[in-house]
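Below: the structure, in structure tokens.
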Amino acid sequence: MATESHPALLLAPNTAGQVPLIRQWWVAFSASTVFVVCGHLLIKAGLNAASEHPAGAGLVPAILHLLLQPAVVGGLSIYLLGTVCWISAVAQKEISFLYPLTSINYVMVVATSLLLFHEVVPPRRIIGVAVIVIGMILMNRNSAKRPA
Amino acid sequence: MNPKMMIWISVALSAVAQILLKHGLTRVQSKSSNGVLGTIFNIATQGFIWLWGFAFVAATGLWLVGLQKLDLSYAYPLVSFGYVLVSVMSLVFFKERVDANRWFAIAVIGLGVVLIAGS
């Protein structure tokens, strides 16, 4: 599926005949972050609302039970949309530049879980996320320094 | 199976899936094909692509069952352990060069994951 044919507003060319917004890497990247984070929040909301499956019932029925939750399906769909936007971003900008930026997803997911689901986030978890962000920046530092 | 184990298996399966996809697509590229339809046919009949599909579905399923019982702020950052696994497997299976700086960065990510796993 070509990203241009997707029925989202930001994918459409504007009236001045300029390139659609999604054809700018930062728009595609930001959209991917928003969709990935929102998708996961919706998935988690669906999982929280779903009844607990009996422990002895087996893994496959448990998975199918969760996949029948509308919020889980909706969340997975939004997540998929985020993946499409990510592919669009990668097509426009070097992956070594974009990869460290995706660590903002971890920060956003932890922050929104705290706010929306009132999860108790111990300091150790916050430090862990900070260390991961540093690691992701380091991971792509050398290739990112190279001139494009 | 306890939820934490499901999350770890899901993360590991996702990493394995990446390797299977890369290997499958490399094999497809090495085959000559007649146009787009030929390429699609080659992708659809490539065994490693199918394995990728199964691994992907299993990883997603385990993720959902595990995540139901865990905090999102706990499980989600553990996904980054996938970078560590993919780097190690790229070295082992594809003989890709992983330089010292990258190993250091991978160790830092690993440390972050350990901190979260113990939180």
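Please read these numbers as outputs of a predicted model, since none were measured by experiment. The sequence lines fix the lettering, A, B, ..., with proteins before strands; numbering per chain opens at 1.
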| Proximal component of A:V133, with respect to chain B [non-hydrogen, under 4.5 Å] | neither

| message | Is B:W63 in contact with chain A via its backbone, its side chain, both, or neither, using a 4.5 Å heavy-atom distance? | response | side chain

| query | Do B:W52 and B:F56 have their ring centres less than 6.0 Å from each other? | reply | yes

| A:L76 versus chain B, the contacting section by heavy-atom distance below 4.5 Å | side chain

| task | Report, as yes or no, whether the 6.0 Å neighbourhood of atom CH2 on B:W103 holds more than 12 heavy atoms from other residues, nucleotides or ligands. | result | yes

| field | Validation row, ring centre A:Y106 to ring centre B:Y76 under 6.0 Å | value | yes

| query | Who among B:A107, B:A105, B:G110 has the most heavy-atom pairs with chain A under 4.5 Å? | reply | B:A105

| message | Less than 4.5 Å to any heavy atom of chain B: does that hold for the side chain of A:T102, its backbone, both, or neither? | response | side chain

| said: Less than 4.0 angstrom from a charged side-chain N to a carboxylate O is my criterion; do A:K44 and B:D71 meet it? | reply: no

| query | Side chain, backbone, both or neither: which part of B:L78 has an atom under 4.5 Å from a heavy atom of chain A? | reply | neither

| note | Okay, A:V37 and chain B: the region with an atom under 4.5 Å from a heavy atom over there is neither

| chain A heavy atoms under 4.5 Å from B:Y74: which part of the residue, side chain, backbone, both or neither? | both

| said: Would you say the rings of A:W86 and A:F35 are close, in the sense that their centroids are separated by under 6.0 Å? | reply: no

| task | Go through B:A58, B:S80, B:S73, B:G112 and name the one with the most non-hydrogen pairs under 4.5 angstrom from chain A. | result | B:S73

| said: Only pairs of heavy atoms separated by less than 4.5 Å count here; which of B:V79, B:L72, B:L62, B:V114 has the most with chain A? | reply: B:L72

